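Before any comments, here is the structure.
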Amino acid sequence: MFRLYKRLRPLDWGIVAIIVGLTILQVWCTMLLVDYTSEMISAIQLLNCHNSASEFLLMAESAFGEEGAPFVETLRALLAPHTTATGAIDWGGLLVDPSYQGLLASFPAGLQDVFHSLESASPGDIWVNAGMMVLVALGTASCQILIEVLASRVTANLASRVRDEFHHKVDSFGLGEIRRFSTASLITRATNDVQQVSMCTLLLLRMVFAAPVTAIWAICKIQSVAGELTLATALAVLVLVAALVSLMLLVLSEFKRMQKRIDLLNSLTEENLSGIRVVRAYEAEGYQEGKFRKANAELTRSQLFTGRVLALLSPAMMIVMNGLTLAIYWIGAYLINRGGTTLDYASMSAFSSLATQIVMSFMMLLMMFVLWPRASVSARRINEVLGTTPAIEDPEAEEALAEEGTVEFRDVSFRYPDSEADVIEHVSFRARKGDTVAFIGSTGSGKSTLVNLVPRLYDVSDGEVLVDGVDVRKIRQDTLRKKVALVPQAGVLFTGTVRSNVGLGAPSLSEEKCREALRLSEALSFVEEMEGGLDAPIAQGGTNVSGGQRQRLCIARALAVDPEILVFDDSFSALDFKTDRSVRENLAREAKGITKLIVAQRIGTIMDADLILVLQEGKVVGEGKHEELLQNCPVYRDIALSQMSKEELGL
């Protein structure tokens with residue numbers, strides 16, 4: 001969790017310092033409010049005693065205790081002639097009575113101050129305290145508002161920076177890292193996990209500073225008058241902390257499992273939505289619903305378990321808070337009844353309020369304790385991604401390119417991470433500038449894996465892949481991918497327009513160049529028929545165009561960047577025979593200087609290639625031109641005969 005906070009800017013740390021200062025100011029105002037509340041109660045009591053002889057005598061009895069009974073009786077006798085018929089005291093006569101002054105002089109100094117305060121009590125004292133309470137309350141509210149605003153800003157900045165860094169890190173991943181984490185998990189980490197950390201950080205800034213400061217300040221104020229009350233408060237806090245820690249230990253491991261189950265649920269949802277046509281075509285809704293229902297039930301069980309455990313927090317807090325209030329009043333009543341203490345009802349009420357502040361401070365931490373375990377799990381998942389070093393990294397020093405438009409494989413073998421067997425074994429070939437090299441073979445023979453090594457989507461396990469005479473591992477990725485354009489097997493378009501999709505790799509693409517790329521890919525005709533032409537909208541994934549149209553736009557996108565090397569990963573399979581031939585003729589006629597690597601299933605697509613490699617189970621079992629392979633490669637001949645007649649093949 002705290003590792004993520006290293007991403008806060010110096011300005012954010014400055015705001016955090018301001019939040020701490022405002023928190024201390026807020027707590028100070030809160031403590032002042034308690035003091036003024038105590039003074040308000042005292043002012044009301046004094047005014048009541050000032051206006052009533054009976055209340056005056058009751059206060060005296062309370063102040064002197066049983067041992068001061070003679071003083072109370074003397075005071076009663078002195079008050080009798082100065083009491084009106086309504087029970088009020090004639091202070092004008094009483095204060096000039098020498099007997100009263102003599103009796104007052106015999107009192108201890110502390111009691112003399114109390115009686116002097118009683119003599120001068122007036123409604124103005126209540127109004128002064130009430131006004132100060134309003135001012136202090138406004139100060140507390142102002143501090144709280146500022147803390148909320150500043151904490152929200154810091155939290156938003158942190159979430160933004162983490163998301164940006166997360167996105168940048170994922171962009172640097174190779175296909176191996178993406179397969180390791182899975183798309184669904186990466187989406188959950190970038191959204192749900194960042195949100196959990198953000199919410200926890202917001203509460204951390206709003207409450208965690210205030211809670212300990214309030215608790216310590218309040219305990220010190222109680223300790224200064226009555227140690228017994230401090231002991232009761234400390235015991236309550238210990239019970240509360242023990243309960244919180246026990247409950248958190250119960251749910252921490254379950255929170256870890258919960259996030260993984262959210263990943264699984266997202267994965268199943270993504271799988272079901274992306275394959276909805278297949279699901280409906282095979283009436284597999286029940287099967288998919290069963291998988292989703294099982295994952296949903298497991299997530300629900302986790303949430304119910306954590307919810308039930310955390311539901312015990314609130315009753316525990318209330319029991320402790322009410323028990324502490326009861327203890328304070330019981331201990332306070334005992335101390336006042338025993339005598340020999342400066343504790344009075346006003347002070348005891350203030351201490352009850354302080355004790356409530358202490359417990360409320362821990363209640364503020366309640367939400368933190370609820371969110372912290374889950375947020376810490378989310379933070380670890382985010383840090384796991386941010387701390388991953390991509391397997392494919394740029395070299396410290398880029399080697400100068402020795403050739404142009406060449407591709408060479410030197411005894412290349414490759415296996416996927418965590419795989420025991422090689423997918424490709426000992427493949428070697430060389431393509432010169434302008435050559436067309438084709439790859440054909442049965443499904444799973446390693447054709448797509450082979451061409452993915454050229455733009456360095458994976459690194460070879462053994463051997464070397466050279467582009468322009470240099471090992472691709474010694475070329476910076478941005479340099480390599482400016483030279484190599486890949487047209488994937490599944491045409492991928494992004495939300496935007498035709499122009500933005502064709503110009504994805506060339507943001508400054510001119511309209512003329514865009515139209516030229518569309519013409520070469522045989523896409524210009526249908527684009528001009530679309531409403532808006534080049535600015536016609538493209539839906540997410542290109543769902544508003546057909547499969548063939550989507551593939552032609554992908555070919556246009558590759559041509560628009562003027563690559564030295566074009567890699568077609570079975571990109572012609574979605575095209576009809578006529579369009580397939582037209583695109584290949586356009587490329588042969590107007591892209592002679594571009595080296596082309598073509599993965600194909602159709603013999604007709606690759607018959608004119610300068611070199612054809614026949615793959616079977618990751619090994620090259622035939623190499624040469626079309627006519628040569630028909631004669632000396634049984635695997636190639638079988639594929640050809642399955643698609644064309646002997647007469648068409650010239651056999």
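We number each residue from 1, following the sequence as shown. Worth saying up front: this structure is predicted, and the values here are computed from it rather than measured.
No more than 12 heavy-atom neighbours from other residues, nucleotides or ligands sit within 6.0 angstrom of CZ on R153. The number of heavy-atom neighbours closer than 6.0 Å to NZ of K619, taken from other residues, nucleotides and ligands shown, is 12 or below. Within a 6.0 Å radius of CD in E617, other residues, nucleotides and ligands contribute 12 heavy atoms or fewer. In the displayed structure, D608 atom CG is contacted under 6.0 Å by at most 12 heavy atoms of other residues, nucleotides or ligands. For R581, the CZ atom counts as loosely surrounded, since its 6.0 Å shell holds 12 or fewer non-hydrogen atoms of other residues, nucleotides or ligands. In K625, the NZ atom is not crowded: 12 or fewer heavy atoms of neighbouring residues, nucleotides or ligands sit closer than 6.0 Å. The number of heavy atoms from other shown groups lying within 6.0 Å of CE (M199) does not exceed 12.
Nearest heavy-atom pair across E531 and P537 is O-CD, 4.1 Å. Closest non-hydrogen pair, S571 versus I555, comes out as O-CD1, 4.5 Å.
Looking at heavy atoms from C-beta onward, V437 lies out of side-chain contact with I598 at the 4.5 angstrom threshold. In this structure, the side chains of E590 and L559 stay at 4.5 Å or more apart for every pair of heavy atoms. D435 has its side chain out of reach of L611: every pair of non-hydrogen atoms, C-beta onward, lies at least 4.5 Å apart. Side-chain contact between L534 and E511 is present, with heavy atoms from C-beta onward closer than 4.5 Å. Inter-residue side-chain proximity for L186 and F166 is flagged as met; some heavy-atom pair is nearer than 4.5 Å. Two residues are said to be in side-chain contact when any heavy atoms from C-beta on lie closer than 4.5 Å; V487 and Q551 meet this criterion. Contact of the I424 side chain with the F409 side chain is not registered, since no non-hydrogen atoms from C-beta on lie closer than 4.5 Å. Annotation: side chain of I639 is in contact with side chain of I603 (closest heavy-atom distance under 4.5 Å).
Taking the ring axis of F577 as reference, the NZ or CZ atom of R602 stays within 45° of it and closer than 6.0 Å to the ring centre.
Ring geometry for H626 against Y636 counts as perpendicular: the plane angle is over 60°, on a 0 to 90° scale with 30° as the lower cut. Aromatic ring pairs are classed by plane angle as parallel below 30°, tilted from 30° to 60° and perpendicular above 60°; the pair F568 and F572 is tilted.
In this structure, Q643 contributes its side chain and Q601 its backbone to a donor-acceptor pair below 3.5 Å. Between the side chain of S500 and the backbone N or O of T497 there is at least one donor-acceptor pair closer than 3.5 Å. Listed for the D394 side chain is a donor-acceptor partner under 3.5 Å among the backbone atoms of Q477.
A side-chain N or O of T605 and one of D580 form a donor-acceptor pair less than 3.5 Å apart. Side-chain contact, R261 with S302: a donor N or O sits under 3.5 Å from an acceptor N or O. Checked by atom type, the side-chain pair T479/E398 shows a donor-acceptor distance below 3.5 Å.
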Candidate pair V454 and V472, rule side-chain contact (heavy atoms from CB on, under 4.5 Å), full reasoning: CA-CA 8 Å; V454 179; V472 293; 6.0 Å; no

**OP:** Check the pair R515, E528 against salt bridge (Lys or Arg N to Asp or Glu O under 4.0 Å), reporting the backbone distance first and the verdict last.
**Re:** CA-CA 10 Å; R515 289 183 176 277; E528 289 179 337; 3.3 Å; yes

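Between E403 and the options R432, K483, R430, K433, a salt bridge (charged side-chain N to carboxylate O under 4.0 Å, His left out) holds for only R430. Of the residues L486, V407, I594, the one that meets the side chain to side chain contact (heavy atoms under 4.5 Å, CB included) test with I565 is V407.
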